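Worksheet: the structure to be examined is printed underneath.
As the structure is a computational prediction, the values presented were derived from the model and not from experiment.
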Amino acid sequence: MPTLIGYARVSTTEQNVDLQHDALNAAGVYRIWTDYASGATANRPQWQDCLDHLQPGNVLVVNDLSRLGRNTADLAAIVKTLAERNVGLQSLTETWLDTTNSQGLLMFHFFSAIAEYERNRLRERTMDGLKAAKARGRVGGRPTKMTADKSATAQEMRAKGRTIKDIAKTIDVSEATVVRHLSGARKDQRPSTG
């Protein structure tokens, strides 16, 4: 018989978690972890502790899937994580999701496939967006703090023997930015060997 582990969540400390606890205890869970946080937030310490506690062969039991996450992509990612750890999932409300039987296992794999699909689509949309921005002459990433004036000042200061740290402090950029721009300026000044 697998060990049943319970997880409950309410969005605020003012909400009552008793209904979830009663249902999980009636299902025979060994222990319940409870978070008082929005399902949309990644900062759920009891959820993280519950995940750390789960062992292969355990079954995570929730009163309903909304206690795990707010959207299909989040739920799919959680289901995939559980599958990778060989942990089952059982929802007391959505009885079709019970990976201790073949129908529930099929749904479990379906959620895993959705998670992978969502990750791939996100990657594709990101790449498409970067290509479209590049075609319009925009480059992604954070704008640089190194202006042409700052770059010229950095080169002059370095030529006078000033340290990278001193240059960075003077022109208000990071030392890494100074090094990157100075090494780039040196490459630009090298004669072509073609």
Side-chain angles (χ1 to χ4, degrees), residues 5 7 9-14 33-56 60 66-87 89 111-194:
I5 303 294
Y7 177 73
R9 183 191 59 76
V10 289
S11 297
T12 67
T13 53
E14 287 81 34
W33 277 261
T34 305
D35 271 314
Y36 296 89
S38 167
T41 182
N43 184 20
R44 293 189 282 162
Q46 289 296 301
W47 169 243
Q48 290 305 314
D49 192 49
C50 179
L51 275 178
D52 293 342
H53 185 82
L54 289 167
Q55 300 294 315
L60 177 67
S66 67
R67 302 303 87 206
L68 282 180
R70 288 288 179 127
N71 59 50
T72 306
D74 287 346
L75 289 171
I78 289 169
V79 168
K80 187 173 188 323
T81 298
L82 294 174
E84 289 168 352
R85 295 178 181 205
N86 196 25
V87 171
L89 176 62
F111 268 103
S112 296
I114 289 174
E116 187 171 346
Y117 169 77
E118 287 291 332
R119 278 192 306 276
N120 289 337
R121 285 294 300 138
L122 178 61
R123 186 170 40 250
E124 288 170 2
R125 286 191 301 266
T126 301
M127 296 308 293
D128 289 346
L130 290 172
K131 285 178 189 174
K134 189 174 183 180
R136 290 182 181 88
R138 294 191 341 245
V139 180
R142 184 173 42 174
T144 181
K145 288 180 71 176
M146 184 64 96
T147 63
D149 288 341
K150 287 182 179 184
S151 183
T153 302
Q155 290 175 39
E156 289 172 18
M157 290 177 74
R158 192 61 175 166
K160 293 177 182 175
R162 303 282 292 275
T163 66
I164 299 293
K165 185 175 186 174
D166 188 30
I167 295 168
K169 187 175 181 180
T170 302
I171 63 174
D172 190 32
V173 298
S174 71
E175 292 177 38
T177 298
V178 172
V179 170
R180 186 172 51 253
H181 280 274
L182 289 176
S183 65
R186 280 194 298 270
K187 287 178 188 172
D188 292 343
Q189 292 169 358
R190 288 184 191 151
S192 174
T193 57

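- A search for side chain to side chain contact (heavy atoms under 4.5 Å, CB included) contacts involving Lys169 returns nothing, not counting sequence neighbours.
- Of the inter-residue distances, the one linking Leu60 atom CG with Tyr7 atom OH reads 9.5 Å to the nearest 0.5 angstrom.
- Dense packing is recorded around CZ of Arg125, with more than 12 heavy atoms of other residues, nucleotides or ligands lying under 6.0 Å away.
- Shown here for Ile164 and Arg158, the closest heavy-atom pair between the two residues is N-NH1, 3.7 Å.
- In this structure, the side-chain hydrogen bond (donor to acceptor under 3.5 Å, both in side chains) partners of Trp33, at least two apart in sequence or on a different chain, are Asp49.
- Minimum heavy-atom separation, Thr170 to Arg162: OG1-NH2, 4.2 Å.
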Which is it for Leu54 and Leu82 under the side chain to side chain contact (heavy atoms under 4.5 Å, CB included) test, yes or no, and what are the steps along the way? CA-CA 9 Å; Leu54 289 167; Leu82 294 174; 3.8 Å; yes
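- Looking only at atom types and distance, the side chain of Thr126 has no donor-acceptor partner in the side chain of Arg123 under 3.5 Å away.
- Residues satisfying the salt bridge (Lys or Arg N to Asp or Glu O under 4.0 Å) test with Arg85, not counting sequence neighbours, are none.
- In this view, Asn86 satisfies the side-chain hydrogen bond (donor to acceptor under 3.5 Å, both in side chains) rule with no residue, not counting sequence neighbours.
- Atoms CE and CG, on Met146 and Asp172 in that order, are 10.5 Å from each other to the nearest 0.5 Å.
- The structure places CG of Leu122 at 11.5 Å from CE of Met127, a figure rounded to the nearest 0.5 Å.
- Annotation for Arg9 and Arg67: closest pair O-NH1, 2.6 Å, computed over non-hydrogen atoms.
- Arg44 approaches Asp35 most closely through the heavy-atom pair CB-OD2, 3.2 Å.
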Side chain to side chain contact (heavy atoms under 4.5 Å, CB included) between Leu89 and Ile78: does it pass, once the steps are laid out? CA-CA 10 Å; Leu89 176 62; Ile78 289 169; 5.9 Å; no
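- The two atoms that bring Cys50 and Ile5 nearest to each other are SG-CG2, 3.9 Å, heavy atoms only.
- Side-chain contact between Val173 and Lys150: present, with at least one pair of heavy atoms (C-beta onward) separated by less than 4.5 Å.
- Looking at residues two or more places apart in sequence or on another chain, you find no side chain to side chain contact (heavy atoms under 4.5 Å, CB included) involving Lys160.
- Atom CD1 of Ile167 is separated from atom NZ of Lys165 by 13.5 Å, given to the nearest 0.5 angstrom.
- The CD1 atom of Ile171 lies 10.5 Å from the CG atom of Asp149; values are rounded to the nearest 0.5 Å.
- Asp128 meets the salt bridge (Lys or Arg N to Asp or Glu O under 4.0 Å) test with no other residue; sequence neighbours excluded.
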